[in-house]
Amino acid sequence: MANMLVFITGASSGIGEATAMAFARQGTRLLLCARRADRLAKLEPELRSAGAADVKSFALDVRDRAAVNAALAQLPEDWKTIDILVNNAGLSRGMSKVQDEDNPENWEEMIDTNVKGLLYVTRSVLPGMVSRGRGHILNLGSTAGHMTYANGTVYCATKSAEIAVSEGLKLDLMGTPVRVTSIDPGIVETEFSEVRFRGDAARAAKVYEDLTPLKAADVADAIVWAATRPAHVNIHQILMTSIDQANSLVVNRRSS
Ligand code: NDP
Ligand code: 8X3
């Protein structure tokens, strides 16, 4: 892994940050982006101390196609040869019925980030992987893409789309050595719910109350595992939950 260059989107928090740390321990070079560049800058020395061969980070909003293309085009040549892309940047906004949604901007933000942003970043990285004859794309899906839950229609739709995109990429890439993996976790305790509920910490805490959630590091561990299989092995999908979850709907809460 020491010669590998790993690009992680949404590395300023949660699963993306934990994945950066997990790859750092493998000694890879790390290219990181998110909108909060200050957080990435703080993370850089920690990743170096953990073993990363080198780290470069930059501010990027994956919803901005021109900015995605420009950011990748402006990289120094030796930072363009990305071996592993982790399309992690993503979010949920709100929980409501479609007929009650009074803020459809929430829908745009989820679709633009989770689906279109993932495609923009992939399009800017994938041709290089194909022409170099090596590469691995790992996309963050969710149990939400496997089973829709009430009041989560649009978020679930974006994660369902992520599964379709991952399957489609695998088909597109047949005949090349580039691998595609969809990483599909259930409930993971990160800033995800605080973002979803726009800073309502009490409501966010309820999501993780009375159950054992996955940790971001558990998901990072699965990502590194998928990325470190022999080159001829393609892990298509990892559907993972904590011991207290069966699917999108069935969760074991100790209080109930
Ligand atoms: P966090 O909120 O902790 O992290 C989300 C990351 O995405 C942040 O680094 C954020 O950075 C980045 N991000 C969001 N929007 C953009 C954008 N427009 N451009 C660039 N970066 C962006 O949540 P998680 O770590 O939990 O989520 C990571 C991924 O995992 C998401 O795709 C999520 O859907 C998925 N997931 C999460 C689960 C959970 O229960 N937590 C379960 C299953 C999947 P910044 O704000 O600085 O831009
Ligand atoms: C995140 C997991 O169940 O909150 O994708 O949608 S869930």
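Just so you know, ligand 1 is whichever comes first in the structure, and atom 1 is the first atom listed for that ligand. What's counted below: heavy atoms across the whole structure, side chains too, no hydrogens, waters or symmetry copies.
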What residue and heavy atom of the protein are closest to [atom], and at what distance?
atom: atom 34 (O) of ligand 1; value: Tyr155 OH, 2.7 Å
atom: atom 21 (N) of ligand 1; value: Ala89 CB, 3.5 Å
atom: atom 42 (C) of ligand 1; value: Gly186 O, 3.0 Å
atom: atom 24 (P) of ligand 1; value: Thr190 OG1, 3.5 Å
atom: atom 15 (N) of ligand 1; value: Arg35 NH2, 3.1 Å
atom: atom 19 (N) of ligand 1; value: Val62 N, 3.0 Å
atom: atom 10 (C) of ligand 1; value: Ser12 OG, 3.8 Å

Can [X] be said to touch ligand 1, with heavy atoms closer than 4.0 Å?
X: Leu60; answer: yes
X: Ala216; answer: no
X: Ser193; answer: no
X: Pro213; answer: no

Heavy atoms only: which of [options] lies closest to [atom]?
atom: atom 18 (N) of ligand 1; options: Thr241, Asp61, Val68; result: Asp61
atom: atom 5 (C) of ligand 1; options: Gly14, Gly90, Ser13; result: Gly90
atom: atom 30 (O) of ligand 1; options: Thr143, Leu118, Ile15, Asn114; result: Ile15

Would you say ligand 1 has an N or O under 3.5 Å from any N or O of [X]?
X: Ser142; answer: no
X: Ala34; answer: no
X: Gly10; answer: yes
X: Asn88; answer: yes
X: Val188; answer: yes

* Mark up the atoms of ligand 1 that fall under 4.0 Å of a heavy atom belonging to Gly141, in ascending order. => 43 (C), 44 (C)
* Structure fact -> One finds that the ligand 1 atoms under 4.0 Å from a non-hydrogen atom of Ile187 are 40 (O)
State whether [X] and [Y] are salt-bridged, where the test is any N-O pair (Lys NZ or Arg NE/NH1/NH2 against Asp/Glu carboxylate O) under 4.0 Å.
X: Glu162; Y: Lys159; result: no
X: Glu109; Y: Arg198; result: yes
X: Lys206; Y: Glu209; result: yes

Run through all N or O atoms in ligand 2 and write down each protein N or O closer than 3.5 Å, as a pair with its distance.
from     : atom 1 : to     : atom 2 : distance (Å)
ligand 2 : 5 (O)  : Ser142 : OG     : 2.6
ligand 2 : 5 (O)  : Tyr155 : OH     : 2.6
ligand 2 : 6 (O)  : Tyr149 : OH     : 2.6

* **Pairwise side chain to side chain donor-acceptor pair (under 3.5 Å) hits with a residue in residues 124-134, at least two apart** => Asp83-Arg134
Got a donor-acceptor contact below 3.5 angstrom from the [X] side chain to the [Y] backbone?
X: Ser160; Y: Cys156; value: no
X: Arg179; Y: Val233; value: yes
X: Asp218; Y: Lys215; value: yes
X: Thr113; Y: Met110; value: no
X: Ser96; Y: Asn151; value: no

* To do: Measure Lys159 to ligand 1 on non-hydrogen atoms and call it side chain, backbone, both or neither using the 4.0 Å cut-off.
  => side chain
* Over 12 non-hydrogen atoms of neighbours within 6.0 angstrom of CZ in Arg63 -> yes
* **More than 12 heavy atoms of other groups within 6.0 Å of Leu171 CG** => yes
Within-4.5 Å side-chain heavy-atom neighbours: [X] and [Y]:
X: Tyr149; Y: Thr143; answer: no
X: Leu75; Y: Leu31; answer: yes
X: Arg48; Y: Leu30; answer: no
X: Phe197; Y: Val207; answer: yes

* Asked: If you take all heavy atoms of Tyr120 and Val62, which pair is closest and at what distance?
  -> CD1-O, 3.3 Å
